[in-house]
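First the proteins, then the strands, lettered A, B, ... as listed; each starts at 1.
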Protein chains: 2
Amino acid sequence: MTVLVGGIEAGGTKFICAVGTGPDSIRAEVRFETTTPEETIGQAVDFFQRQQEEHGTLAAVGIASFGPVDPDPDSPTFGAITSTPKPGWPNTDLAGTIGRALNVPVGFDTDVNGAALGEWRWGAAQRLHTFVYLTIGTGIGGGAMVNGRLLHGLIHPEMGHMRIPHDWDTDPYQGHCPYHGDCLEGLAAGPAISERWGEPAQNIPGDHPAWDLEVHYLALALQNLVCTLSPQRIVMGGGVMKQTQLFPMLRRRVQEYLNDYVQATAILDEIDAYIVPPGLGSQAGVLGAIALGQQATA
Amino acid sequence: MTVLVGGIEAGGTKFICAVGTGPDSIRAEVRFETTTPEETIGQAVDFFQRQQEEHGTLAAVGIASFGPVDPDPDSPTFGAITSTPKPGWPNTDLAGTIGRALNVPVGFDTDVNGAALGEWRWGAAQRLHTFVYLTIGTGIGGGAMVNGRLLHGLIHPEMGHMRIPHDWDTDPYQGHCPYHGDCLEGLAAGPAISERWGEPAQNIPGDHPAWDLEVHYLALALQNLVCTLSPQRIVMGGGVMKQTQLFPMLRRRVQEYLNDYVQATAILDEIDAYIVPPGLGSQAGVLGAIALGQQATA
C-alpha cells in the first residue's frame with residue numbers, strides 16, 4: 001500500500017501529526033501541545049492542509065486518540081472523545097471535525113488499538129491474528145486484535161482497570177485510581193510508583209525493590225490477559241517499560257504464576273518472544289494512526 | 001439451516017449425544033458415563049451409526065469437549081483432548097476418531113465455546129458480535145465470541161484461572177486450585193464453596209453469607225472480563241448459577257465495582273439484560289455441539 005495518508009496520535013498532553021506510508025517513509029511530522037479542542041484541532045488541520053498543497057490529496061487520515069472514545073462506526077457519536085476528565089474535551093467530535101475540514105475519510109480508534117494495529121502492520125506483532133498491546137505509563141491501557149480484527153466489543157477494553165490481588169501487608173499503598181482505588185492502574189501505573197516510593201518513577205534505580213513489586217503486579221495482570229484473551233503475544237510499551245530490566249523479570253514471573261497450566265510452547269519455552277517491547281518503539285503511536293488511516297481507505 | 005447433524009457434549013463425567021437441527025428438533029438423544037476413551041467413543045459412534053441408519057447420513061458431527069483441548073484446525077493434534085488430569089484421556093484424538101468412524105466432517109471446540117455458539121445461534125446471545133459465556137460449576141470456564149467469531153488465540157481462554165483480589169481477613173480459605181491456589185476457580189467454583197463452608201454448595205440456604213462472598217468474587221471476575229474483552233453481554237451458566245438469587249445481587253455488585261467508569265447504557269441502565277442466564281438452560285451444551293456441527297458443514 002503506497003497511498004499517502006495522514007496520522008494523528010492524539011494524546012492528552014500532545015498531538016503528533018504525520019504524513020507518510022509507513023515507518024521508512026514519513027514525509028513530515030509535527031508535534032504540539034494539547035490545549036483547547038478548537039486550537040489543537042485547528043493546528044492539525046493546518047498541518048495537513050499544507051501537506052496536501054505540497055504532496056497532493058491525502059487518501060485518508062487516521063486518528064489514534066486518548067479517551068474514552070466512541071469507535072463504533074454505526075454510532076451517531078462515532079469518532080468523538082466522550083467522557084474524558086480533560087477540561088474542554090468531553091464530547092469533542094474529533095474525527096468528524098477533521099474529516100469535514102479536510103474532506104477525507106477518517107479511521108478512528110483508541111490510542112492503544114492504533115498502536116496495536118501499527119505493531120501488527122510493521123512491528124512486533126506481524127503475522128499474528130490474536131495479540132495484546134499494553135502500555136504502562138501515566139495510565140495503563142490495552143488494545144487487542146482477535147482473529148485479525150481489532151477488539152471493540154461494547155465500547156473498548158479498559159485493561160488498566162482490571163482488579164488484581166493487592167497484598168496489603170507488604171504494600172500498604174492504597175492505590176491511585178479515582179474510580180477503583182487499587183485496580184491495576186491504581187497500583188502499577190507511573191503515578192502509583194512515584195507516589196508509593198516518594199520519587200518520580202524514572203528516577204528510581206534499577207535495583208530498587210520498587211521494580212520487584214511492579215513486576216509482581218504486572219505479572220498478575222498478564223496472567224489475567226492470558227486467561228481471558230489467550231493472546232499469541234503481548235507487546236508492552238509506555239514510559240514504565242523503558243526500564244528494560246523489567247522484561248526478563250516479568251517473563252520469569254509470568255511463567256512462575258501460570259505454573260505450567262497453559263501448555264503452550266510460546267509460554268513454556270519461548271517466553272522471550274512472547275512478552276516483548278514494541279517493534280516500532282516510540283513511533284508506535286503515530287504509525288498506528290497512519291495504519292488506521294490506511295485501513296479507512298480499504 | 002435444516003441439514004441433520006450430530007452433537008456431542010463431551011464432559012468429564014458424562015457424554016450427551018444428540019441428532020437434530022436445533023432446539024425444537026432433537027430427533028434422538030442419549031447420555032452415558034465417561035469411562036475409558038475406547039468405550040466412551042465407541043458408544044458415541046454406535047449411537048450415531050444407528051441414527052444414520054434411521055435418518056440418513058449426518059452432514060457433520062460437532063463436539064464440545066472438556067479439556068484442555070487443541071481446537072486449531074491447522075495443528076497436527078487438532079481435535080484432541082491434550083493435558084487433562086482425567087486418567088486415560090490425555091492425548092485422546094476425539095474428533096479424528098469420531099470423524100473417521102462415521103466418515104463425516106467434525107466441528108470441534110471447548111465445551112464453553114460450544115455453549116457460547118449455541119447461545120449465539122438460538123439463546124441469550126443472538127444478534128451480538130462480542131460476548132462471553134461463563135460457567136460456574138465444578139470448575140469455572142469461559143468461552144467468548146469476538147467480532148462474530150469464537151475466540152481461540154494461542155490455545156483457548158482459561159477464564160477460571162484469572163487472579164482476583166482475595167481478602168484474607170474476611171476469607172481465610174486458601175483456595176482450591178492445584179495450580180494457582182486462590183485464583184477465581186480456586187475461590188469461587190463449587191468445590192471451593194463446599195470446602196470453605198463445610199457443606200455441599202447446593203445445600204447452602206439462599207440467605208447464607210456464603211452467597212454474598214460468592215457474589216463478591218464473581219463481580220470482581222466480571223469487572224475483569226468487562227475491562228479485557230468488553231463484551232456486549234455476559235451469559236452465566238453452570239450448577240452454581242442455579243442459585244438464581246445470585247443474578248440480581250451480582251448485577252448490582254458489578255455496577256458498584258465498575259463505579260460508572262464504563263459509560264455504556266448496557267451496564268449503567270440495562271444491566272438486567274447484560275448479566276443473564278443461558279437462554280437454552282441445561283441444553284446449552286448439547287445444542288452448542290450441534291451448532292459446532294452445523295458450522296463444520298459451512
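Here CG of B:D167 is found 11.5 Å from NE2 of A:H166. Values are rounded to the nearest 0.5 Å.
Only the side chain of A:A266 comes within contact range of chain B, judged by heavy atoms closer than 4.5 Å. Proximity to chain B (any heavy atom under 4.5 Å) is restricted, for A:Q223, to the side chain, taken from C-beta onward. Looking at A:S83, only its side chain comes within 4.5 Å of chain B, counting heavy atoms on both sides. Of the atoms belonging to A:L225, it is side-chain heavy atoms, and not backbone ones, that fall under 4.5 Å from chain B. There is no contact between B:P68 and chain A, counting heavy-atom distances below 4.5 Å. Both the backbone and the side chain of A:S230 have a heavy atom closer than 4.5 Å to some heavy atom of chain B. Of the atoms belonging to A:H161, heavy atoms from both backbone and side chain fall under 4.5 Å from chain B. Only the backbone of A:Y257 has a heavy atom closer than 4.5 Å to any heavy atom of chain B.
In this structure a side-chain-to-backbone donor-acceptor pair under 3.5 Å is present from A:N147 to B:L150.
Residues passing the ring pair (Phe, Tyr, Trp, His ring centres under 6.0 Å) test with B:W89 are B:F15, B:F66, sequence neighbours excluded.
Looking at heavy atoms from C-beta onward, A:I267 lies in side-chain contact with B:L154 at the 4.5 angstrom threshold. Residues B:V262 and A:I155 have side chains in contact (heavy-atom distance under 4.5 Å, counting atoms from C-beta outward). Side-chain atoms of A:T228 and B:N224, non-hydrogen and from C-beta on, never get closer than 4.5 Å to each other.
With chain B as partner, the option from A:E158, A:M162, A:M159 having the largest number of non-hydrogen pairs under 4.5 angstrom is A:E158. Chain A forms more heavy-atom pairs under 4.5 Å with one residue of B:L229, B:D260, B:T82 than with any other, namely B:L229. No other option in B:Q263, B:R163, B:Q232 has as many heavy-atom pairs under 4.5 Å with chain A as B:R163. Heavy-atom pairs under 4.5 Å with chain A peak, among B:G153, B:A221, B:P165, at B:P165.
At a heavy-atom separation below 4.5 angstrom, chain B is approached by A:Y179, A:H180 within residues 179-187 of chain A.
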Between A:I164 and B:I164, does the side chain to side chain contact (heavy atoms under 4.5 Å, CB included) criterion hold? Intermediate values first, please. CA-CA 5 Å; A:I164 54 170; B:I164 54 170; over 6 Å; no

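Counting non-hydrogen atoms of neighbouring residues, nucleotides and ligands closer than 6.0 angstrom, the CD atom of B:Q174 reaches no more than 12 such neighbours.
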